[in-house]
Amino acid sequence: MVPATSELDRVFAALADPTRRAILARLATGEATVNELVAPFELSQPTISKHLKVLERAGLVSRGRDAQFRPVRLNAAPLEGAARWIGDYRRCWEESLDQLAVYVKELQQQQKEKTHESKRKRK
């Protein structure tokens with residue numbers, strides 16, 4: 001198996017875990033220390049630290065230095081590549097939905113014409 005090495009692979013691998021997504025959501029409101037990140041999750045500090053390492057490898061978070069604290073910060077830039085990748089597929093889905101809407105409209109028109117035809121024959 002080929003290891004995931006591209007930035008996009010690392011970003012999607014990091015986003016695959018709900019705890020990591022929750023950490024990113026928390027960091028979107030502002031930087032936090034590891035202890036502040038541990039509190040809402042009922043997980044141990046080493047477990048949160050492991051999640052943070054995955055997020056760091058993906059470039060989604062960074063750690064600063066503020067006296068004795070090392071606040072964790074969100075770095076949203078790698079999400080742009082993921083959003084762009086998903087956006088390409090979104091266009092495909094939207095085109096499929098547009099085609100489906102046209103098909104449904106045609107079916108409705110045919111049904112309307114059949115109903116009108118049967119009413120005309122009864123008269």
Side-chain angles (χ1 to χ4, degrees):
M1 185 173 167
V2 178
T5 56
S6 78
E7 179 179 314
L8 190 59
D9 292 342
R10 287 188 296 269
V11 168
F12 279 116
L15 295 175
D17 185 274
T19 300
R20 291 193 287 265
R21 291 192 304 271
I23 290 171
L24 291 177
R26 164 56 187 89
L27 292 173
T29 64
E31 64 184 31
T33 63
V34 174
N35 286 336
E36 290 170 333
L37 293 172
V38 167
F41 293 106
E42 297 182 15
L43 296 172
S44 67
Q45 186 172 347
T47 301
I48 292 296
S49 291
K50 285 180 184 177
H51 284 299
L52 288 174
K53 285 179 183 173
V54 173
L55 293 169
E56 280 182 295
R57 279 194 296 271
L60 293 168
V61 299
S62 61
R63 294 184 197 214
R65 169 92 40 206
D66 184 15
Q68 73 271 22
F69 299 107
R70 294 199 65 212
V72 182
R73 298 181 181 110
L74 174 67
N75 178 17
L79 294 174
E80 184 180 336
R84 195 175 327 112
W85 187 86
I86 291 171
D88 290 343
Y89 288 95
R90 182 183 179 136
R91 280 189 286 278
C92 291
W93 299 326
E94 288 173 348
E95 288 172 11
S96 294
L97 289 175
D98 289 345
Q99 290 172 352
L100 179 62
V102 168
Y103 180 68
V104 167
K105 202 171 193 171
E106 287 174 6
L107 288 177
Q108 289 173 335
Q109 183 62 35
Q110 288 173 1
Q111 185 64 36
K112 203 181 265 183
E113 288 172 6
K114 283 182 183 178
T115 304
H116 182 68
E117 180 79 23
S118 69
K119 283 182 180 177
R120 199 168 47 120
K121 284 182 179 177
R122 280 190 238 154
K123 289 183 179 180

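- Counting heavy atoms from C-beta outward, Arg90 and Glu94 have side chains that approach closer than 4.5 Å.
- The distance from atom CD of Glu117 to atom NZ of Lys114, rounded to the nearest 0.5 Å, is 11.0 Å.
- Interatomic distance, CZ of Arg70 versus CZ of Arg63, reported as 6.0 Å (0.5 Å rounding).
- Pro78 approaches Gly59 most closely through the heavy-atom pair CG-O, 3.3 Å.
- Ile48 belongs to a hydrophobic cluster with Val11, Leu15, Ile23, Leu24, Leu27, Val34, Leu37, Val38, Phe41, Leu43, Leu52, Leu55, Leu60, Val61, Val72, Leu74, Leu79, counting contacts under 4.5 Å between side-chain heavy atoms of Ile, Leu, Val, Met, Phe, Trp and Tyr, direct or through other members.
- Remark: Lys50 NZ to Thr19 OG1 distance equals 13.0 Å, nearest 0.5 Å.
- By the neighbour-count criterion of 12 heavy atoms within 6.0 Å, atom CZ of Arg21 is densely surrounded, having more than that number from other residues, nucleotides or ligands.
- Rounding to the nearest 0.5 angstrom, the gap separating the CZ atom in Arg84 from the OH atom in Tyr89 is 14.0 Å.
- Side-chain atoms of Glu95 and Gln99 form no donor-acceptor pair, as typed in the model, at a separation below 3.5 Å.
- One distance of note links CZ of Phe69 with CD of Glu31; it measures 11.5 Å at 0.5 Å rounding.
- Residue Arg26 comes nearest to Ala32 through the heavy atom pair NH2-CB, 3.3 Å, listed as atom of the first residue, atom of the second, then distance.
- The environment of CD in Gln109 is crowded: more than 12 heavy-atom neighbours from other residues, nucleotides or ligands sit within 6.0 Å.
- Listed by chain and number, the hydrophobic cluster partners of Tyr103 are Leu107, where partners are ILVMFWY side chains within reach of under 4.5 Å, directly or through others.
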